[in-house]
Amino acid sequence: MDLSLMNKEQKEAIQHTEGPLLIMAGAGSGKTRVLTHRIAYLLAEKGVPPYNVLAITFTNKAAREMKDRVHALIPNADDAHKIWISTFHSMCVRILRRDISHLGYENSFSILDPTDQNSVVKSILKNRNLDTKQHHPRKILSYISDKKNQLIDPAEAMSESVGFSDGLYSEIYKDYQEILYRNSSLDFDDLIMLTIELFKKEPQVLEYYQNRFQYIHVDEYQDTNQAQYELVSLLSQKYRNICVVGDSDQSIYKFRGANIENILNFEDDYPDAKVIFLEQNYRSTKTILDAANAVIGNNTSRKPKDLRTVRQGGKKIKTILADSERAEGQEILRHVMDLSSKYSYSDMAVLYRANSQSRAVEDAFVKGSVPYKMIGGMKFYSRMEIKDLMSYLKVIQNPHDDISFERIINTPKRGIGLKTVEKLLNYGSVNELSMYDAIKEADFIGIPKGAIVTLMKLEDMIENLRKKSKFLSVTELVDEVLEDTGYISVLEKEDTLESRSRIENLEEFKTVTREFDNDNDVSDELLFNFLSDMALVSDQDSVEADSGVTLMTMHASKGLEFKVIFVVGLEEGIFPSQRVMFDEDELEEERRLMYVALTRAEDQLILSRADSRMIYGKIESNVESRFLKEIPTELIDGGVVEIDSKKAQNPFAKRGGRTHRRTPTVLTDNSGVTFKVGDKVAHKKFGDGIISNIKGEGDSKELDIIFTKEGPKRLLANFAPLEKKE
DNA sequence: CTGGCTAATCTTTTT
DNA sequence: GATTAGCCAG
């Protein structure tokens, strides 16, 4: 095994295979490389069988990447396949599918997504005659999640509750858990909690996995919560070959239960632990690291470390001060265009604190015709039409899934109202029947004749689809569902911008099913396996290798790297966010987020803020973020702001006589062209159109153009790739 | 029961 | 400002 390209600490980490090991890996220190090589080393040099190795990550993406990289290092593909490399959640699903019956759940349990959870809580509130305004479902759900992450069951929560609302929440928690149990449904937190419960209740099951996983790796250990910590401890108890990797300075998920103490106390948990520091950064220039180190140095509760880089010097950090968030977007656009002579779009990323901030940047990019891809934000899988379709599939798989059935019982509209649903639910809960079975006895419940006929038809249809599901591919089944239910025809009839986009999304969904169909043969289990897979997929995973500037939250950027990083909205109240400004602990977490953002950059950092911006429809003014002030001034390109905003009037103006910049072909400079209303134009991407309106002056002059094919768009006159016709 | 209106809430971050 | 939930009239 060739380790000659590794530094001393990396080699040490790879070769220290026995006993507990803590790797404190600074940003950009090559920790994934170390982990993958360590796994390969275990197999190749230590003769460890592949099925004895486990590696746990947080995201599917990280798991996939690690798998790919391990496979590349291991000659035998079959061996590589036997290594468990998965997320906490999918690992637990695998374990529970096998043995959850010990806890009374069906092995075919379904997994709830946040929307489902929300409707469960709402129905509980309704049953208890409680107002959703007084008791926010979100708050209750985060209470429940909190308890589960701490492995506190409803009974315990109840007994230790203090005060009225705490007591009430614990009772709702109890209801919630009972409903899930009756539906054989698990939420994300259950996956972890119930695995632990299973291990504790059935020691032989735990022992099986302890023997199986003799070498355990946990990535991003600083992000583990109490339950995950417990799970890892249980699994590693017997062989104690536990290797955890993390960086306490990059702990940014406290809000969802991550406990930074887990990594800080590792040496207390395992007094014989070997600790290795990876402090050699291979990613960023010295300027960038100096800035990041200076910022994070303001955190008091941390273990100081000394992150170094081989990349001396580097471009100074640019700052942007814009008037408004709109102007900020335009400034970003200018810089992106400017830099696109040297970098490709996919080398650049724009990071923000909250998804809502993407808007202004997107607008600017659209108008300037800069390609971009957004991570997160408007989530594909939480779109109505996708959720409806998934609910149909879930009901076909398991008609007793009340949560999904309730969603589709009147979708598309078939005249089943709230009253009927309520009656079915009530009758069902009294007689311990699912809604689906309750329909069969609808005559006794006092449901109108017409509704009964409709419901019978619905059941017929579902039964039919279910039969078909046994011999159709998922894609074919989806087509049948959309057809038989009339879902598509309703959308087609509607024929609005919105309905057309919904149809497009459903088509897009079929690319997902096709992919699945390619890897899986038609069988009785096909639909079940598909649904099980889908439950753990998130929008975060679909980071394609497409070209284009990446737009995402700073949270989503963890683990990634780009040549050029823009951080926008560096204002007090935005970042750090208003709600954490007066809590020292949370402020430190926010500062770690800044640290994560800065350390994503390889070559160049551009930090921006706006004098005022629109928040909740009101214009508000915020002062410079403290994080910006924490960067030593000598690292910042001082004169740039003024000079650049003048020069940037025309991004193609020669700068200071230097002519080394090559004009990228995709970009256009229309500043010499006069457009008037009624002019016919041709756009590189959108095709032919006619100018319907013009407003603004100079670089912010905008054209409203009605395109023959693509409809109306608003574009920046000077930058859009337009050609005047005739 | 449906569709349209008003009001409230939203902006943290996610498996 | 925009989406969404809840309310009310038809």
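Side chains included, hydrogens not; waters and symmetry mates left out as well; all remaining heavy atoms used. Lettering of chains follows the sequences in order, A, B, ..., and the numbering in each one begins at 1.
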Tell me, for nucleotides 2-10 of chain C in 5' to 3' order, what letter each nucleotide earns: B for a base near a protein heavy atom under 4.0 Å, S for only sugar-phosphate near one, - for neither? S--SS----
Aromatic plane relationship, A/Tyr229 with A/Tyr221 - under 30° parallel, 30 to 60° tilted, over 60° perpendicular: tilted
Once the angle between the rings of A/Phe213 and A/Trp84 is folded into 0 to 90°, is it parallel (under 30°), tilted (30 to 60°) or perpendicular (over 60°)? tilted
Any side-chain N or O of A/Thr553 below 4.0 angstrom from OP1/OP2 of B/dT14? yes
A/Tyr595 versus A/Asp247, closest heavy-atom pair with distance: CE2-OD2, 4.0 Å
Taking the P atom of each, how far is B/dT13 from C/dT4, in whole Å? 15 Å
Assess the pair A/Phe255 and A/Tyr253: is the distance between their ring centroids shorter than 6.0 Å? yes
Tell me, which pairs form a salt bridge (charged side-chain N to carboxylate O under 4.0 Å, His left out) where one or both residues lie in residues 134-152 of chain A, sequence neighbours left out? A/Lys148-A/Asp187, A/Lys148-A/Asp190
Interface residues of residues 412-421 of chain A with DNA chain B (non-hydrogen, below 4.0 angstrom): A/Lys413, A/Gly415, A/Ile416, A/Gly417, A/Leu418, A/Lys419, A/Thr420
Which of residues 576-600 of chain A have a heavy atom under 4.0 Å from DNA chain B? A/Arg579
Hits for side-chain hydrogen bond (donor to acceptor under 3.5 Å, both in side chains) against A/Lys254, two or more places apart or cross-chain, chain-then-number order -> none
Donor-acceptor pair, side chain of A/Arg414 and main chain of A/Ile409, under 3.5 angstrom: yes
Under the salt bridge (charged side-chain N to carboxylate O under 4.0 Å, His left out) rule, collect the residues that match up with A/Glu620, sequence neighbours excluded. none
Is_stacked (A/Phe58, B/dT15) at 5.5 Å, 30 deg: no
